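Down below is the structure, laid out as structure tokens.
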Amino acid sequence: MAIRYQHENRIFALDTAHTSYRMKVDDYGFLLHLYYGGRVYGNMDYLLTCYDRGFSGNPSDVGNDRTYSMDVLPQEYPVMGVGDFRNSALVIRNADGSDCCDLRYISHETKNEKYRLPGLPAVYADCGEAQTLEIYLEDKVSGVRVTLLYGVLEEADIITRSAVLENRGENSVTVEKAASACLDFLTGSYDMLSFYGRHTMERNLQREEIRHGTRSIGSRRGTSSHQYNPAVIIADRDASEDAGNCYGLLFVYSGNFLCEAERDQYDQIRVLMGLQSDLFHYPLEPGEKLVVPETILSFSDQGLGTLSAQFHCCIGRHLCRGKYQDAPRPVLLNSWEAAYFTFDGSTILKLAKNAADLGIDMLVMDDGWFGKREDDNSGLGDWHVNEKKLGCTLKELIEKVNQEGVKFGIWIEPEMVSEDSGLYRAHSDWVLRIPGREPVRCRNQLVLDFSREEVREYIFAQICGILDQGKIEYVKWDMNRSIVDVYSMENCQGKVTYDYMLGVYDFLEKLLQRYPDILIEGCSGGGGRFDAGMLYYTPQIWCSDNTDALDRLRIQYGTSFFYPASTVGSHVSAVPNHQTGRSVGLHTRGVVAMAGAFGYELDPEKLSEEEKAAVREQIRRYKSWEALIRGGRYYRLSNPFKEAFAAWMFVSEKKDRALLSVVMLEMHGNMTVSYVKMKGLDPLAAYRDTESGRRYYGADLMKAGLPMPVELKEYPAYQIELVREA
Ligand code: GLA
């Protein structure tokens, strides 16, 4: 049993294959956290200590016992107003204006399946793979009930957490802050690893010690954002790729979030992951509920590599869904960097012909095919085909593309409207904007109020009207600005950021139900909404608008800590690169793009015959490795921010096939030789390099490494396929 409850001492024990989680209901009904980490066998309540601590308050029901204080004890769901002065998981404003919610244990229930969350993405599991623990806590005065949800995926070493807040009282209350996970550490020094960035330079790794005070990351942009990913790792100060304790927290949500890490007065550490409290004041009338999005937790004592593998597995098998969850992804040619807004039907057809000639599976017509959309200043919201521009109907264009033997995909940005559009002229009250103030523009567009059903329904009908016109097999769902004017003409203020996100999820769910065969790729100016929430609907996401191979190496490195390669949209583009001006060789660009869902973002017409032959060969190689890249275990072999080369590898589950990829980053005169140490091979097995025919033992390649050639060129790259000898 993954979940056990001991009546005598009111202890909950959750166990997975390699981890344990313990909590206890104390004598007063507070739910205390005892332990999370590597597998243990006891109750762990011996860890609790109580001392009289000056200026730390004592709840009235402990009487004269000055040693009992919520300010010091480790907790599962700390609240504001009961004497804990650290960061709270929950802040409730009562009808009388007070900020207090004294949660005490009522009862609990276990279920033999993984819980689901209404309207929100969440980890799922087959019957027998997971169990749920629901713990009910209540504040007697306000009648606020909190259901803490724990999903335990035993084999996957995953514990998920969420919370449902319900007003069972007679007065309205307002939720001012709500997290879904809190981890209290009684002892230890830890680093926090977070992933910061900006548009076209997302998910750079930052590692820093958690010191006194609070270190927080989050988003107020309406999306999870380019600037901070909703994912952190709490690791032993000396934890490395291959050793040490580390905890991952991954928020399954695509909107505003807040993650706080705090070291308190007694050197204890508290980490919270949940909804952003700014721009959020969620009223709960009597009888109403609010579901806090899920946080996925995992722990490894084998370092960051194993922790990443656990998250990759969880996302690939328990979060992504649909036809493409487990199927080869089409190799794409996207029109964006090939033509931007300057194209007509014949441009698209020419791209399709060239795609067919190169062995590319699908042509994606990016932005510019609808309404009045010759640049990014107009047309959003007018989802009708610009047949004049295309020179034919969409159906005819798709048929012609298909006749070339190429599938057809299309770009949309449903959440947006341009002021210069028919939609805005007809429904200017459908946008988010504050009455009496001019809205803040961003890419010269405004955000539609997706918290309103009528707005979603209208756009849904428009988008279906497009998707029904022909055989569209892929949709790129874009979202190209941050949300500033958080105000809805219809909805209740304070709810908007959350309800907007639920509206987007509702739209996506309906789209998936109606078009189960369409592959949807998420996008928000590249990686501005690259998160576990979106991956529930879109099994791949355009990783970054930056297609420069060297920058991409670093972006993909940061992305790899939580997200598997199958989720990373990754294309070869032209040189000089449009974002950096850098020219990296075609082979190297291919090697980098093959660490994800592969494709091209260029005009093949501009390639020489020699380059075309190289592209054909790239595609042939990618297809032969596609299953390994999508389903194999991914290993980081170097840190491209610090080392002279970037290296990573994929190893099949049976360890009988592996693909090593290396890009040399530094060039100097009289170069030293770089040795790349591999991982994940069977040490005693012999492996053959399929290209050179050379044979090596797995142990040799892992312990001594493989020397990389010294070549007189910039950024050379190598791919070595290894096959285990019988
Ligand atoms: C965003 C996307 C790009 C492209 C453009 C089109 O920036 O990330 O890939 O689709 O929009 O406007």
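Just so you know, these numbers use all the heavy atoms, side chains as well, and skip hydrogens, waters and symmetry mates. In listed order, ligands and their atoms are each counted from 1. Here the structure is a predicted model, which is why all the values come from computation and not from measurement.
Checking Asp478 against Asn480 by side-chain atom types alone, a donor-acceptor pair falls below 3.5 Å. Tyr563 and Asn229 form a side-chain donor-acceptor contact under 3.5 Å, judged by distance and modelled atom types alone. Judged by distance alone, the side chains of Asp376 and Gln445 never bring a donor and an acceptor atom under 3.5 Å apart.
Among all non-hydrogen protein atoms, the one lying nearest atom 7 (O) of ligand 1 is Asp545 OD2, 2.8 Å.
Remark: ligand 1 atoms within the under-4.0 Å shell around heavy atoms of Cys523 are 2 (C), 8 (O). Less than 4.0 angstrom separates some heavy atom of Asp366 from each of these atoms of ligand 1: 4 (C), 6 (C), 10 (O). Set against the non-hydrogen atoms of Trp542, the atoms of ligand 1 under 4.0 Å away are 8 (O), 9 (O).
For ligand 1, one of its N or O atoms has an N or O atom of Lys476 under 3.5 Å away. Checked by distance only, ligand 1 and Trp411 come closer than 3.5 Å through their nitrogen or oxygen atoms. At least one N/O-N/O distance between Gly526 and ligand 1 falls below 3.5 Å.
In this structure, Asp376 falls outside the shell of residues with a heavy atom less than 4.0 angstrom from ligand 1. In this structure, Arg443 has a heavy atom closer than 4.0 Å to ligand 1. Residue contacts with ligand 1: Glu413 is excluded, as none of its non-hydrogen atoms falls under 4.0 Å.
In this structure, the side chain of Gln579 engages the main chain of Asp545 through a donor-acceptor pair within 3.5 Å.
Each of Tyr500, Tyr537, Phe460 was scored for a ring-ring contact (aromatic ring centres under 6.0 Å, His included) with Phe507, with one residue passing: Phe460.
Separating the CG atom in Asn546 from the OG1 atom in Thr200 is a distance of 5.0 Å, to the nearest 0.5 Å.
The side-chain tip of Arg329 does not point at the ring of Tyr324 from less than 6.0 angstrom away and within 45° of straight on. A cation-pi contact, defined as under 6.0 Å to the ring centre and within 45° of the axis, links Arg552 to Trp542.
Of the listed residues (Asp478, Asp367, Asn480), the one carrying the non-hydrogen atom nearest atom 2 (C) of ligand 1 is Asp478.
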